[in-house]
Amino acid sequence: MNLDPTDFPVSTVISWFEANARPLPWRDPATSAWAILLSEVMSQQTPVARVAPIWQQWLDTWPDVESFAQARSDEVLRAWGTLGYPRRALRLLECARVIVARHGGKVPADVDELLALPGIGDYTARAVACFAFGQNVPVVDTNVRRVYSRAVEGRPLAPPASKRELAQVASLLPERKGPVFSAGLMELGALICTATSPLCDVCPIQADCAWVQAGKPAPTEDELRSKKVQKFAGTDRQVRGKIMKVLREADAPVGQSKIDVVWPDKAQLSRALFSLLDDGLAVQDDQGLFHLPGQ
DNA sequence: AAGGCGGGGAC
DNA sequence: GTCCCAGCCTT
């Protein structure tokens, strides 16, 4: 028994959000479009609670896109710290340089122009268009997919991201208050309609939720099979992280011996190191020493 | 469509 | 230990 999208309790979500929104620093109305873009990129796969303090420090160091565009890669990677997926930091630097070089230092408001920027995909482009420029475009992140999947389709697990969901979520958008509605959907997914233990008892749209009405069915075997969480312990990703930590904390180029101690499997260590060089996250100088990229 | 890519906190 | 997180990019 699905919920007809035209019956989705839009105004309930909006009023719930206005009463329960977390005071995230980038929700200050004075936040610039660049600072909002920065918050979105940092929040790609990193919980917002970890992002907030780094975001503040970052803007203290580089208050605007022009100043950041002149930063050196090694400064940027150190400021990024342990937010994870440091390729995002390099793409952010490229992104800022494109905004300065091709958009006169102004973050573009057009979704297609945003999509053309390095590191900006379907979610982030629309989040910036919506939250920085007030446009009524669908903003679909993991929270929105989960809320839509449960409340409208009665399915316990959000399906893998697809273009179809953009149209589905677009069909829910109200005429005027798209941005606050989208922020509300995301917040509902982050605080109430959570992945593992949703707080249905205090959910403002519980009475309309197709999943609740269906008796909160568990995921089917097929749905579970399509999930599959990624391992971390023992993967190249973990080894890369350990090497990057050495490079971030070094005040001079380091020799192979400083890298050898972070991981016992030499073949895997070598593979991880080469992949970092390939990604431009590490550089080897003419004496064979390793360091973060400069420039 | 699938798989790689960090790291920390909740359980 | 497992699971998740305001995804993006390449293949």
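We use all heavy atoms of the structure for the numbers below, so side chains are in, but hydrogens, waters and symmetry mates are not. Proteins come first, then strands; the chains are lettered A, B, ... in the order of their sequence lines, and each starts at number 1.
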Can you tell me how far P of C/dC4 sits from CG of A/D141, to the nearest Å?
15 Å
Just checking A/R22: base, sugar-phosphate only, or nothing, at a heavy-atom cut-off of under 4.0 Å?
base
Pairwise distance CD(A/E40) to CD1(A/I120) - rounded to 0.5 angstrom
9.0 Å
A/N143 CG - C/dC5 P separation (whole Å)
7 Å
Is the backbone N or O of A/V111 less than 3.5 Å from a side-chain atom of A/R126, with the two atoms forming a donor-acceptor pair by type?
no
Side chains of A/S67 and A/D64, donor plus acceptor under 3.5 Å
yes
Salt bridge or not for A/K163 and A/D122, using N-O below 4.0 Å?
yes
Is the backbone of A/Q168 close enough, under 3.5 Å, to the side chain of A/S171 for a donor and an acceptor to pair up by distance?
yes
In whole angstrom, what separates A/K231's NZ from C/dC3's P?
6 Å
Tell me which of A/A233 and A/A195 sits closer to the 5' end of DNA chain C, going by the nucleotide each one is nearest to.
A/A233
For B/dG6 and C/dC3, measure between their C1' atoms and round to the nearest Å.
15 Å
Please tabulate the protein-to-nucleotide N/O contacts below 3.5 Å involving nucleotides 9-11 of chain C, giving atom names and distances.
from: C/dC9; atom 1: OP1; to: A/G119; atom 2: N; distance (Å): 2.7

Which of these nucleotides, C/dC8, C/dT2, C/dC5, is closest to any side-chain atom of A/T124?
C/dC8
Backbone N or O of A/K231 within a donor-acceptor pair of the A/R237 side chain at under 3.5 Å?
yes
Sugar-phosphate only, base, or nothing, as touched by A/R27 at under 4.0 Å among non-hydrogen atoms
base
For A/R27, is the CZ atom crowded, meaning more than 12 foreign heavy atoms sit under 6.0 Å from it?
yes
Taking the same atom, P, in B/dC11 and in C/dA6, what whole-Å distance lies between them?
15 Å
Whole-Å distance, A/Q268 CD to B/dG4 C1', equals 14 Å
What contact category does A/D122 fall into here, base, sugar-phosphate, or nothing, at under 4.0 angstrom with non-hydrogen atoms?
sugar-phosphate
Take the protein atom CG of A/L37 and the nucleotide atom C1' of C/dA6, then report the distance between them rounded to whole Å.
13 Å
Under 6.0 Å between ring centres: does that hold for A/F68 and A/W34?
yes
Between A/K163 (NZ) and C/dG7 (P), how many Å, whole number?
15 Å
Strictly below 4.0 Å, N to O, side chains only: are A/R78 and A/D74 in salt-bridge contact?
yes
Ignoring hydrogens and angles, tell me if any N or O in the side chain of A/N136 forms a donor-acceptor pair with the backbone of A/G178 under 3.5 Å.
yes
Of A/P160 and A/D279, the one whose closest DNA chain B nucleotide lies more 5'
A/P160
Spell out protein contact along nucleotides 6-11 of chain B as letters: B when the base is contacted, S when just the sugar-phosphate is, - when no protein heavy atom is under 4.0 Å; keep the 5' to 3' order.
BBS---
A/I54 CD1 to C/dA6 C1', in whole Å, measures 17 Å
Round to the nearest Å and state the distance from A/R145 atom CZ to C/dC4 atom C1'.
13 Å
Which part of the nucleic acid, if any, lies within reach of A/W26 when heavy atoms closer than 4.0 Å are counted: base, sugar-phosphate only, or nothing?
base
